[in-house]
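Beneath this line is the structure, given in structure tokens, with notes to follow.
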Amino acid sequence: MHIYDSVKKEKLPFEPLIDDEVSIYVCGPTVYDDAHLGHARSSLSFDLLARTLKALGYSVTMAKNFTDIDDKIIKKVRESGRSIEELTTYYIDRYLSDMDAINVLRSDIEPKATESMDAIESMIARLIKLGFAYRIDSGDVYFDTSRDAKYGDISHMVSDDTVSRIEHTSQKRSSKDFALWKACNDSDDICFDAAFSSGRPGWHIECSAMIEKHFEGNDEYSIDIHGGGADLLFPHHENEAAQSRCATGREVAKYWMHNGFVQIDGEKMSKSLGNSFFLKDALEVYDGEILRYYLNSIHYRNDFNFNEEDLLVSKRRLDKLYRLKKRVSPTKPTNPSSRFKSALLSAMSDDLNISVALSVVDDMIMETNEKLDNNPKDKVLKRETLANIELVDQILGVGYRDPFEYFQIGIEQELKDEIEALLLVRAEAKKVKDFATSDRIRDQLTTMGISIMDSPEGTQWEKLL
RNA sequence: GGAGCCAUCGCCAAGUGGUAAGGCCGCAGCCUGCAAAGCUGCUAUCCCCGGUUCAAAUCCGGGUGGCUCCUCCA
């Protein structure tokens, strides 16, 4: 396995801290709203990573946090009149069910900030005690970036005070310093008691604290891989790394991976630009598995320009996989072809080279179709092929459905019966060579959005998209 | 103002020094009553200029264009 480390900016051979074990921490969402396509892409990227590492034989432990306390959440609590627990629980459930819809494997650990307050408080207290952090009169606690010689090594950001756009707080020693703890201001703030003040954690500290709480690591690092969106590199990961380094005496992660953005019409998707696209809205229009294939079809580090035309191309590619699955069903899978397996794993082992991986899948489909054209009853081939498709599911997370149902997504039983009835009439017409009638029925089905294909074994139909 | 990423066939997209994967679309053919599906074949010298090298899409310098980060953000 080779991984592109976005801190070292080079592709490196992956060597885990502990043999055959991999620890991954991914920055999860702040739960004050529904998940958008960007969350989906991030989830999907690291899902691919976890699946690949598992297929390579590693035992993977993945954590993804939920930030369930912060300014935006408090704002929403005030606006909605709902309790914070009610609100965050709702959005956590929404997030998980949306991710389920695109077949993202659940993380092994899903820590919440509010359930990690002990770890957070203890880390902040330690940073104060060691002189890496200071408390100001308001009760806020800041990290003193000047005390960390390695501050800046993660993002390579040489931030100059004169051009910094960060607001200066009068008592902050440097504009680069950041909040570890924010004291309560208003009476209706949501606060937690701590030794330094009643307040709530800053944005970055929870990740450091959770990693310390849930992972052992070794003398040098706490975890193997730290992931997140490209926008988190600075300041979030820079600050997180600094906190962890100073509090624990070791680096937080050996490898850093950052996924690229989802763009709409060539621009970053964001709330402020008003072009954000909720995953749940996309799921109302497009099937989750097709969305998954599409969102994963481009390398995770590249920017992703979301558009329907490309999504339909992805659907066509996935259709081919399912047509092959139809051809080999029903049968019992044996073992995947070793040539196919090694080609697929080798592609994914190269920093998740999905383009090559998908072309390996396409090659397998084409070769198998050709062989089946020549020998339609090759049982051994069929069984191996089904195992190949199961491997595709295991590593890429697509192709898991019943192939006949796949082509009938969204078709009601009533319509199915109607289609079957029409096909019966058409079969009769064909039998007596009444092609005018059979073609008329085919046209009728096309109008209904149904594509049909004749074969020696009978006529099959598919829903056109 | 500072920092970084990217630019490959009509479209999407691999390839990071050794002579351009794959998909979609298109064209031709096999198959088919005709189609569809499936299969076969065909289609690029890599934004521009200069440099390094026996050899560059791949490295270096300079342009141009697009995007991102420096503010909550996946």
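Chain letters run A, B, ... following the sequence lines, proteins first, then strands; residues in each count from 1. Values below: all heavy atoms of this structure, side chains included; hydrogens, waters and symmetry mates excluded.
Between the C1' atoms of G26(B) and C11(B), the separation comes to 12 Å (whole Å). Distance check on atom C1': C31(B) versus G66(B) gives 46 Å, rounded to whole Å. If you take atom P in C30(B) and the same atom in A44(B), they sit 24 Å apart, rounded to whole Å.
In this entry the distance linking CZ of F306(A) with C1' of C11(B) reads 16 Å, nearest Å. Rounding to whole angstrom units, CZ of residue F407(A) and C1' of A37(B) are separated by 10 Å. M453(A) places its CE atom 13 Å from the P atom of C39(B), with the value rounded to the nearest Å. Atom pair L464(A):CG and A35(B):P shows a separation of 18 Å (rounding to whole Å applied). Protein atom CD of E308(A) is 18 Å distant from nucleotide atom P of C24(B), rounded to whole Å. At whole-Å resolution of the value, CG in N259(A) and P in C67(B) are 20 Å apart.
The side chain of S359(A) lies closest to A21(B) when the candidates are A21(B), C24(B), C34(B). For D310(A), the listed nucleotide lying nearest its side chain is C12(B); candidates were A21(B), C24(B), C12(B). With distances taken from any side-chain atom of D454(A) to the nucleotides C34(B), A14(B), A74(B), the minimum falls on C34(B). Comparing A74(B), A21(B), G23(B) by their nearest atom to the side chain of F261(A) picks out A74(B).
In summary, the side chains of E238(A) and S155(A) do present a donor paired with an acceptor at a separation below 3.5 Å, with no hydrogens or angles considered.
The base of A14(B) is not paired with the side chain of H299(A) by any donor and acceptor separated by under 3.5 Å. The base of G22(B) is not paired with the side chain of D363(A) by any donor and acceptor separated by under 3.5 Å. Residue side chain R323(A) does not reach the base of A37(B) through any donor-acceptor N/O pair under 3.5 Å, judged by distance alone.
Between K75(A) and the phosphate of C72(B), there is no side-chain N or O to OP1/OP2 separation shorter than 4.0 Å. Residue N353(A) places at least one side-chain N or O closer than 4.0 Å to OP1 or OP2 of G15(B).
Checked against the 6.0 Å centroid criterion, the rings of H204(A) and F178(A) qualify as a close aromatic pair.
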